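Below is one structure, written out as structure tokens; the observations come after it.
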Amino acid sequence: MTTSTPYGPPPAFDPEAAAMLDVIAEQVPPAIRPDMIPAMREGMGARLLSDDELSQDGRIELVDRRVSDEVSVVVGRPTGLRTPAPGIYWIHGGGMVVGTNRVGLDEPLAWALELGLVVVSVEYRLAPEHPHPVPVEDCYAGLRWTREHAAELGIDPSRLVVAGGSAGGGLSAAVALMARDRGGPRLTGQLLVAPMLDDRNETPSTHQMKGLGVWDRTSNDTGWTALLGSARGGPDVSPYAAPARATDLSGLPPAFIDVGSAESFRDEDVDYARRIWLAGGSAELHVWPGGYHGFDSFAPQAEISRAAKAARLRWLRQILAE
């Protein structure tokens with residue numbers, strides 16, 4: 001007797017974006033195990049844009065600042081920007097285990113040039129050396145510092161958006177929950193790019209995409225176990241670690257959530273948007289057909305990538321104008 005799963009084969013990858021998958025696999029294999037973390041960290045530096053590249057021929061000024069002995073930020077603003085300006089508080093991705101505050105920074109800096117923004121990107125401590133709650137508390141400390149130093153940074157505190165991708169998207173959602181619950185900085189919005197939200201790792205999309213694309217079910221287990229240890233998947237995980245665990249999604253700032261249809265995080269991200277709506281909140285959801293995790297970074301010239309980036313920019317323009 002055979003049993004069938006309640007879902008079919010994985011969705012097809014977008015052909016244009018998928019052309020990069022073989023190249024990606026040489027640097028970031030679909031299945032990442034704990035023993036691979038040191039090598040991934042070592043290789044990360046070679047893939048990051050330099051500060052000279054991020055500054056875009058001097059159009060962006062970058063300054064490093066310390067929040068505390070443990071936490072630092074890099075502040076980016078267009079040269080000659082008139083202030084106070086809206087602020088983006090950026091939280092980088094990397095599965096909770098790799099990355100720096102320069103990861104993914106090119107897109108928010110592009111927003112800064114287009115919309116006239118100040119970007120603050122936080123350097124948080126990584127798991128497994130620093131398990132929950134260290135990463136999210138570092139991110140929240142950086143957000144509070146940003147609000148407290150808004151005048152000095154040239155930020156209009158009434159127009160502050162938290163944003164991040166992948167693990168940074170999950171941490172952004174968690175920081176939004178913390179700010180609501182602790183009476184912390186008021187946020188204008190939360191921009192969550194393929195956010196990593198659910199430690200249980202049991203949605204249909206995590207099973208469909210096992211061994212495929214970027215950041216599969218094995219990688220997800222690696223990242224969440226690094227953050228939570230033996231508590232991963234159990235009954236007592238905090239929503240500040242895994243925002244999908246939150247039972248109350250009311251009172252949150254408007255959300256933008258996007259995700260690929262062919263990636264592990266698809267179902268948890270769609271469900272997060274659905275539950276924001278059920279709580280009476282505002283969420284704009286995009287599921288990009290055939291998109292794998294990080295498709296817009298790995299294949300930036302693909303039509304699907306250009307559409308995703310344009311949608312984020314349009315939402316930001318609208319939310320900051322309200």
Side-chain angles (χ1 to χ4, degrees), residues 28-42 44 70-72 89-101 103-104 121-143 162-179 181-182 190 192-203 205-206 209-210 214-247 259 263-269 271-272 293-294:
V28 185
I32 296 168
R33 303 181 308 275
D35 62 287
M36 299 165 67
I37 292 173
M40 289 184 63
R41 289 177 177 173
E42 189 173 334
M44 175 69 74
E70 296 81 19
V71 183
S72 63
Y89 183 71
W90 177 255
I91 306 178
H92 72 79
M96 304 291 184
V97 296
V98 300
T100 76
N101 59 13
V103 167
S121 180
V122 63
E123 184 89 350
Y124 57 90
R125 287 170 287 177
L126 300 172
E129 294 87 350
H130 302 285
H132 178 76
V134 172
V136 72
E137 292 289 356
D138 285 354
C139 292
Y140 187 67
L143 176 66
V162 64
S166 192
L171 286 163
S172 295
V175 162
L177 289 168
M178 293 177 107
D181 297 345
R182 297 180 179 182
Q190 50 179 328
L192 314 179
V193 179
M196 181 177 175
L197 299 172
D198 195 344
D199 66 293
R200 290 163 290 197
N201 204 20
E202 288 293 348
T203 63
S205 56
T206 65
M209 302 310 301
K210 184 175 182 180
V214 176
W215 197 261
D216 79 340
R217 194 161 184 267
T218 297
S219 300
N220 214 25
D221 181 79
T222 295
W224 281 115
T225 301
L227 185 72
L228 297 170
S230 61
R232 188 202 71 76
D236 300 318
V237 172
S238 167
Y240 303 147
R245 299 296 197 117
T247 57
V259 68
E263 67 166 297
S264 298
F265 297 152
R266 180 195 67 213
D267 294 342
E268 64 200 65
D269 292 356
D271 190 60
Y272 202 70
H293 191 62

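These figures come from a predicted structure and were not determined experimentally.
- Not counting sequence neighbours, the partners of Y124 by the ring pair (Phe, Tyr, Trp, His ring centres under 6.0 Å) test are H92.
- Remark: side-chain polar atoms of D216 are not paired, donor with acceptor, to backbone N or O of M209 under 3.5 angstrom.
- The nearest pair of heavy atoms linking L197 to A173 is CD2-CB, 4.0 Å.
- Scored by the side-chain contact (heavy atoms from CB on, under 4.5 Å) test, D221 finds N201, T225, R232 as partners (sequence neighbours excluded).
- Here W215 contributes atom CH2 and T222 contributes atom OG1; the two are 6.5 Å apart, rounded to the nearest 0.5 Å.
- Scanning for side-chain contact (heavy atoms from CB on, under 4.5 Å) contacts around R200 gives D198, A244, R245, with sequence neighbours left out.
- At a threshold of 4.5 Å between non-hydrogen side-chain atoms, the residues C139 and M178 do not count as touching.
- Listed by first and then second residue, the side-chain hydrogen bond (donor to acceptor under 3.5 Å, both in side chains) pairs involving residues 164-175 are S166-H293 (not counting sequence neighbours).
- A donor-acceptor contact shorter than 3.5 Å is absent between the side chain of E123 and the backbone of S72.
- Using a 4.5 Å heavy-atom threshold, the side chains of V98 and V103 count as separate.
- Taking the ring pair (Phe, Tyr, Trp, His ring centres under 6.0 Å) definition, one finds that H132 meets it with nothing, sequence neighbours left out.
- The backbone N or O of V71 lies less than 3.5 Å from no partner atom in the side chain of D138, so there is not a single donor-acceptor pair.
- By the side chain to side chain donor-acceptor pair (under 3.5 Å) test, T203 is found to be paired with S205, residues two or more places apart in sequence or in another chain being considered.
- Atoms CG and CD, on D199 and E268 in that order, are 9.5 Å from each other to the nearest 0.5 Å.
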